[in-house]
Amino acid sequence: MLRLEKERTRTYLDEAEVIFVIINADQTTALINKKGREILGYAEEEIIGGNWIDMFVPEPERPQVKAVFDRILSGDVEPMKKYENFIIAKDGQKRLIAWNNAVLRDEDGKITAAVSAGVDVTAKREAEQELREAKETAEEATKVKDKFLSLVSHDLRGPAGTLNGLLGFIKHDIHAIAPEKTINTLDAAILSAKNMTDLIGDLLNVSRLKSGKLVPNSSFVDAFKLAAAAITTINQTAAAKNIGVSNEVPEETRLYCDANLIMEVLRNLLSNAIKFTRPGGKVAVFVPEKPGGSIGVRDTGVGIAAGVIENLFKYEEKTTTVGTAGERGTGLGLPLCEDIVRAHGGSISVESSQGGGTCFIVRLPEVHPGILVVDKDPAALFLVKELLGGMGVQVAGAKDGAQAKEAIAAQAPHVALVDIEMKAPDGSPLLEAFFRDPALKDTAIFATSYESDNETKRRAMALRAKDIVQKPFNEAELVSIIRRIMA
């Protein structure tokens, strides 16, 4: 009868969805149920008789857990009734267990063992921690947003109030004030309106970047031409302060970026350089490192105090100061620049000292043009590699549609040269399948063929190829294609 009751009790314990363990006074395990064995990953014979604390408690926590165990055995159970600690499973994973503890006594009332029922709360505690961190992040973001909005509203009130005052003055005294004074007042009103417009424009760009609506549309860009265009936008301002601005970017230097967004970065950096450079000073756009992924703006201006540099790119910190000719900025330009560069996967840094000028460096990921040659003849791939080897082009090959799909999944090419006769895995023309692939939406796709007759060209155009490239390939035509995508 007693054996039957023990078996029934054991069955109940094995059906329980909690760990049930009995640990003797010498810390050896006397009993563990099915749930406990499942979580630990050990067979029953591996657990029974072993030292529970030494086997399953992480080493740094053992002294504390042993102290708790000793208190339970001493009869001081109530404070230790509910306790959490980690245990280590056979696979090395740590699981956090919430225990409910009790004791077993012999006929004389002496405590002989601890009885513990535990629930695995690892996932629950991790979720709670994530919620706490998310809450803290949200609260910190709210504080930053509130501070940022406070700074921006203050900056907006300035030019708006000035503008209203100047326009009110003109309206009140339009007939009395002299023409020259009228013009000066209107100039001040226009400048105030421009400052407010610039601030609102920066705010809109910040909002679009933060919401993910402003996404870089990258392509190969001529950095020399980009720098020249940016310089053109500030030439008049530089000339008014007698500041020389030079383009030291080597011709045909390439960047892989969104030209419009990086133009905004350069314009901001150049405007700042002119703002903080005294008349007669110099500003330059240059390539600080080997061509391929960086561009910088340096000046001979007043420099930046060391304590200010660390906050230059923070929206919530007001670091803008008056320029050498009294110019005022929005304070959003540099944080916006950093957001734009980060959206490209790059970084922006600054080196400066008071009185020693300033240098901003934009580093963008270096990207080499990628060509995918899809042709069953391996000689086609070899020839492309040989002809373009000196241009820093990355060339990949595929002998059929399946290999082409794998190559595209690994890295979408900038150019695809596809044999017009090849088929996709579904039997359709491979060129047609390429145009259906969203991964190739920015890829220039060319058909290739040994034939050059009008019918072949018509087929290539019907399949939406950019053009047809005749085989065997020649260097002039391939170089022309690369230069087209890098233009």
Side-chain angles (χ1 to χ4, degrees), residues 2-3 5-141 143:
L2 182 60
R3 184 178 61 82
E5 284 301 319
K6 284 184 176 180
E7 289 178 359
R8 184 179 298 169
T9 301
R10 183 58 184 266
T11 300
Y12 290 151
L13 291 176
D14 281 343
E15 290 298 319
E17 284 300 310
V18 298
I19 304 172
F20 189 86
V21 60
I22 297 178
I23 304 173
N24 295 322
D26 61 359
Q27 300 175 11
T28 58
T29 307
L31 181 146
I32 186 165
N33 69 340
K34 181 181 177 182
K35 184 67 175 181
R37 298 194 299 272
E38 287 175 354
I39 289 177
L40 288 169
Y42 288 92
E44 186 173 22
E45 57 270 21
E46 295 177 282
I47 300 173
I48 300 302
N51 187 296
W52 174 269
I53 296 176
D54 289 343
M55 287 180 67
F56 303 121
V57 176
E59 188 172 356
E61 298 178 30
R62 287 175 194 168
Q64 182 180 353
V65 173
K66 285 182 179 179
V68 170
F69 185 75
D70 289 344
R71 287 189 67 179
I72 292 172
L73 291 182
S74 71
D76 193 12
V77 181
E78 194 60 33
M80 301 292 108
K81 189 172 183 180
K82 293 185 180 296
Y83 183 75
E84 291 185 5
N85 71 273
F86 282 100
I87 59 174
I88 303 176
K90 193 172 187 178
D91 61 6
Q93 287 192 19
K94 290 172 67 176
R95 311 302 300 177
L96 182 63
I97 309 300
W99 300 102
N100 277 285
N101 301 304
V103 294
L104 291 179
R105 299 176 185 269
D106 60 16
E107 294 177 354
D108 298 325
K110 181 182 177 182
I111 295 174
T112 59
V115 181
S116 300
V119 177
D120 187 344
V121 294
T122 310
K124 181 181 178 183
R125 294 293 180 266
E126 286 175 352
E128 289 172 351
Q129 179 63 24
E130 288 175 5
L131 283 172
R132 278 194 297 273
E133 290 174 357
K135 181 174 179 289
E136 289 169 4
T137 301
E139 288 172 349
E140 184 59 31
K143 290 177 185 176

Peer 1: Which residues pass the salt bridge (charged side-chain N to carboxylate O under 4.0 Å, His left out) test with E126, sequence neighbours left out?
Peer 2: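 Result, salt bridge (charged side-chain N to carboxylate O under 4.0 Å, His left out) vs E126: none returned.
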Peer 1: Taking the side chain as every heavy atom from C-beta outward, state whether I48 and I32 have any pair of such atoms under 4.5 Å apart.
Peer 2: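 Side-chain contact under 4.5 Å: yes.
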Peer 1: Treating N33 as the side-chain partner and V18 as the backbone partner, does any N or O pair qualify as donor plus acceptor under 3.5 Å?
Peer 2: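 Yes.
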Peer 1: Can you confirm whether E46 is buried at CD, in the sense that more than 12 heavy atoms of other residues, nucleotides or ligands lie under 6.0 Å from that atom?
Peer 2: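 Yes.
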Peer 1: Does any non-hydrogen side-chain atom of V57 lie less than 4.5 Å from one of I88?
Peer 2: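 A side-chain contact is absent here, since even the closest heavy-atom pair is not under 4.5 Å.
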Peer 1: Tell me, which pairs form a side-chain hydrogen bond (donor to acceptor under 3.5 Å, both in side chains) where one or both residues lie in residues 102-119, sequence neighbours left out?
Peer 2: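 For residues 102-119, and leaving out neighbouring residues, the side-chain hydrogen bond (donor to acceptor under 3.5 Å, both in side chains) pairs sorted by first residue read N101-S116.
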Peer 1: With sequence neighbours excluded, tell me which residues meet side chain to side chain contact (heavy atoms under 4.5 Å, CB included) with Q129.
Peer 2: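 Q129 satisfies side chain to side chain contact (heavy atoms under 4.5 Å, CB included) with R132, E133 only.
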Peer 1: Tell me the closest heavy-atom pair linking I111 and S74, and the distance in Å.
Peer 2: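 The pair with the smallest heavy-atom distance is CD1-C, 4.2 Å.
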Peer 1: Less than 4.5 Å apart, any side-chain heavy atom of K66 and any of D54?
Peer 2: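 When only atoms from C-beta onward are counted, D54 and K66 do touch, with a gap below 4.5 Å.
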Peer 1: Would a distance-only check, ignoring hydrogens and angles, find a side-chain to backbone donor-acceptor pair under 3.5 Å from D26 to T28?
Peer 2: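 Such a contact is found between D26 side chain and T28 backbone.
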Peer 1: Under the salt bridge (charged side-chain N to carboxylate O under 4.0 Å, His left out) test, which residues partner K124, sequence neighbours left out?
Peer 2: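 Partners of K124 under the salt bridge (charged side-chain N to carboxylate O under 4.0 Å, His left out) test: none.
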Peer 1: Among residues at least two apart in sequence or on other chains, which ones pass ring-ring contact (aromatic ring centres under 6.0 Å, His included) with W99?
Peer 2: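 W99 satisfies ring-ring contact (aromatic ring centres under 6.0 Å, His included) with no residue once adjacent residues are dropped.
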Peer 1: So which pairs with a foot in residues 20-62 pass ring pair (Phe, Tyr, Trp, His ring centres under 6.0 Å), sequence neighbours left out?
Peer 2: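 Only Y42-F56, W52-F56 qualify under ring pair (Phe, Tyr, Trp, His ring centres under 6.0 Å).
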